[in-house]
Amino acid sequence: MATRRTKGEVVVKDLTPVNMEVTVRKSSRNTLAPKRLQYFEEDSTTKPTRRKRANKTDVENIRKRTPEHEEDDHSDEKYTANENGGLSAYELERLENIRQNQAFLSSINLYQASEELNQLSRPKPSQRGLLRRTVAVTAVLPSRKSLRLQMKEAEVLPLPPEPRGTLLSQSFSPTKKPSGPLPMKAVNMETGDELPSELMQLFSEDSIEEKRMVLHQNEYCSTLKTMRLTEERVAKVVKDRIFSAAFHPCSSSLLLAAGDKGGRVGLWKLGGDWGDDGVLLFEPHTRPVCCMAFSPAHPTQLLSLSYDGSLRCMDVEKSVFDDVYNAQDALKTFDFMSHDSLTMVVGSLYGDVAIVDRRTPGNSHESLHSLDPKSLRCVSVHPLQRHYFAVAESRVVSIYDSRRLNKNKSQAVSQLHGHSLSISSAYFSPWTGNRVVTSCLDDNIRVYDTSAMTSTSSLLTTIRQNMQTGRWLSKLSAVWDPKQEDCFVVGSMLKPRRVQVYHQSGKLQRSFMDTENLSTVLSVTAFHPTRNALLGGNASGRMHVFSD
DNA sequence: ACGTGATGACTCC
DNA sequence: TGGAGTCCCTCACG
């Protein structure tokens with residue numbers, strides 16, 4: 001039995017679980033349930049059927065049993081045999097079985113293969129991008145000394161005032177950044193350093209006319225085949241788990257942004273020479289940045305939205321993060337409603353939808369008819385009929401008309417049914433809006449026909465995809481390629497790790513894999529609006545770019 | 001019955 | 001050696 005102990009671990013001695021690890025970890029909320037005890041049986045020699053799941057030490061011990069050991073063992077046995085005057089037939093048979101098993105295991109090179117597999121499964125993470133920094137050691141302050149130890153009388157302190165408001169509002173207010181513009185100060189640059197001028201040039205570079213070539217499926221597939229991951233296309237762009245990411249539309253360089261769990265926004269120019277390997281890090285929010293997009297009309301602007309209730313606009317020209325919209329509730333999602341990207345639809349986690357016009361102060365604020373108060377996951381605006389927007393609610397996607405919204409209960413123009421668990425994303429296809437792709441926790445990706453905009457849109461395609469990302473990963477969502485009307489990208493839980501591109505018909509177009517540079521789940525994925533490039537962000541802040 | 005909110009083993013420097 | 005970094009397919013409760 002392993003003797004190594006870590007914090008919070010209880011070693012159950014002399015009890016061996018049949019189907020569990022030998023050690024049982026105790027956490028504050030997860031104590032050993034009494035009913036589990038029935039799965040333990042006494043570890044005694046009277047029970048010959050005792051089974052134990054091998055732990056690491058055991059495996060190492062087995063690995064160490066080279067032929068020499070085997071020889072030793074046998075000589076030991078012979079020695080005992082001579083001393084005790086021979087072995088029983090049963091013991092001889094047992095030894096023979098052991099020899100045969102060892103010979104078989106050696107013949108298939110199991111241990112060697114397992115060693116190789118171990119080395120393959122954990123390549124060293126990329127050291128590009130944000131660097132490890134040792135935390136600056138602050139001057140050690142004199143330790144506090146109690147009044148009792150100072151031999152003084154205890155002070156009479158008044159009780160603190162009773163906390164007001166709900167827990168929720170308390171958790172929001174103290175953590176939110178102050179409203180008003182925040183200076184655009186990179187946290188990984190020396191104080192006083194200006195933003196690189198090249199950044200300014202790149203950001204103002206208008207995207208060359210939108211690339212809308214209708215590629216035949218075969219042609220599209222061969223384009224995807226030219227896109228590869230390389231060592232220099234992986235970098236740590238933010239510190240924590242990536243929640244959202246976007247490519248800047250400029251085409252002379254690959255420039256992208258990522259938002260993480262801690263409210264940070266990282267900018268990365270591939271091959272750039274500013275910051276850490278081209279990475280600049282900002283902190284405009286305090287909680288997860290769950291949605292971001294560059295303004296199509298003003299490429300110097302990056303809109304970012306956070307659970308902390310703020311929607312901000314990073315403007316490189318002004319070098320600030322401007323306040324765009326502030327809410328009491330956690331914000332979840334937004335999309336641009338107008339071509340000039342000055343009007344936006346913003347959705348809160350609790351089902352409120354706001355139409356935000358950045359030119360006028362004050363915002364109209366609508367509450368949709370959602371029954372479940374925690375139901376709004378995603379909004380997507382129709383690319384042609386901009387007054388329509390789709391809302392992923394708990395188990396249904398509803399398409400609303402922004403001109404006909406009511407304060408409390410709005411009527412949906414069309415609905416997409418068939419989801420059996422909560423929907424994590426729903427997006428209109430990029431050119432026509434004739435399709436909507438949804439990702440659902442019931443392990444299906446669905447494509448709907450929304451061309452007719454009838455009260456119920458018909459389901460065209462269902463693709464099985466494991467969506468059980470568990471506790472530590474961002475949810476997977478299917479996102480269209482803006483260059484191709486009918487194909488979308490989605491992350492995957494499959495090993496080897498991969499990113500998949502599907503046609504709306506359900507046909508897999510390509511699985512992007514890389515044994516050397518990709519070993520983690522890429523939950524957040526997006527295509528470049530003009531170039532043949534694809535990004536994927538993981539749970540430790542690393543961005544991966546597949547590009548031609 | 002689902003949504004939600006809760007860590008920890010291991011590795012590297 | 002210990003602390004920071006990395007990665008991640010539960011589990012119980014309301």
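Reckoned from all heavy atoms, side chains included, excluding hydrogens, waters and symmetry mates. To find a chain, count down the sequence lines: A is the first, B the second, and so on, and within it residues start at 1. These figures come from a predicted structure and were not determined experimentally.
Ser310(A) pairs in a side-chain hydrogen bond (donor to acceptor under 3.5 Å, both in side chains) with only one of the listed residues (Lys177(A), Arg287(A), His285(A)), which is His285(A).
Rounded to the nearest Å, the gap between the C1' atom of dT6(C) and that of dT7(B) is 13 Å. Comparing the C1' positions of dC10(B) and dT1(C) gives an interatomic distance of 15 Å, to the nearest angstrom. Rounded to the nearest Å, the gap between the C1' atom of dA1(B) and that of dC11(C) is 14 Å.
A cation-pi geometry, defined here as NZ or CZ lying under 6.0 Å from the six-membered ring centre and within 45° of its normal, holds between Arg510(A) and Phe512(A).
In this structure, Arg241(A) reaches neither bases nor backbone, as no heavy-atom distance under 4.0 Å exists between it and the strands shown. Here Thr469(A) lies out of heavy-atom contact (under 4.0 Å) with every strand.
Counting to the nearest Å, the P atom of dC8(C) and the CG atom of Leu522(A) are 10 Å from each other. If you take CG of Leu441(A) and P of dC2(B), they are 11 Å apart, rounded to a whole angstrom. If you take CG of Asp240(A) and P of dC8(C), they are 15 Å apart, rounded to a whole angstrom. Per the geometry, NZ belonging to Lys261(A) stands 14 Å off P belonging to dG5(C), to the nearest Å. Atom CG of Leu518(A) is separated from atom P of dC8(C) by 10 Å (rounded to the nearest Å). Taking atom NZ of Lys332(A) as the reference point, atom P of dG3(B) lies 13 Å away to the nearest angstrom. If you take CD of Gln127(A) and C1' of dT11(B), they are 12 Å apart, rounded to a whole angstrom. Rounded to whole Å, the distance from CZ on Arg377(A) to P on dC2(B) is 14 Å.
Among residues two or more places apart in sequence or in another chain, the salt bridge (charged side-chain N to carboxylate O under 4.0 Å, His left out) test is passed with Arg542(A) by none. Residues that satisfy the side-chain contact (heavy atoms from CB on, under 4.5 Å) test with Ala186(A), not counting sequence neighbours, are Asn188(A), Met189(A), Leu280(A), Phe282(A). In this structure, the salt bridge (charged side-chain N to carboxylate O under 4.0 Å, His left out) partners of Arg128(A), at least two apart in sequence or on a different chain, are Glu231(A). Checked against salt bridge (charged side-chain N to carboxylate O under 4.0 Å, His left out), Asp481(A) has the following partners two or more places apart in sequence or in another chain: Lys483(A).
Both stacking criteria are satisfied for Trp472(A) over the base of dT7(B): a centre-to-centre distance under 5.5 angstrom and an angle between ring planes under 30 degrees.
Of the candidate nucleotides dA6(B), dG3(B), dC8(C), dA6(B) has the atom lying nearest to any side-chain atom of Arg471(A). Considering only the side chain of Leu473(A), dC8(C) comes nearest among dC7(C), dA6(B), dC8(C). Distance from the side chain of Thr520(A) is smallest for dC8(C) among the nucleotides dC8(C), dG3(B), dT6(C). Nearest nucleotide to the Ser540(A) side chain, out of dT6(C), dC8(C), dA6(B): dT6(C).
Nearest-nucleotide positions on DNA chain C for Lys239(A) and Gln468(A) put Lys239(A) closer to the 5' end. Residues Gly470(A) and Leu421(A) both approach DNA chain B. Their nearest nucleotides, taken by heavy-atom distance, put Leu421(A) toward the 5′ side.
Proximity of Arg542(A) to the phosphate of dG5(C): no side-chain N or O atom is located under 4.0 Å from OP1 or OP2. Residue Lys236(A) places at least one side-chain N or O closer than 4.0 Å to OP1 or OP2 of dT6(C).
By the 30° and 60° cut-offs, the orientation of the rings of Phe294(A) relative to His248(A) is perpendicular.
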Enumerate, atom names and distances included, each donor-acceptor pair closer than 3.5 Å involving a side-chain atom of residues 455-462 of chain A, sequence neighbours excluded.
residue	atom	partner	partner atom	Å
Ser457(A)	OG	Ser414(A)	OG	2.7
Thr461(A)	OG1	Gln504(A)	O	2.8

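Heavy-atom distances under 4.0 Å link DNA chain B to no residue of residues 489-500 of chain A.
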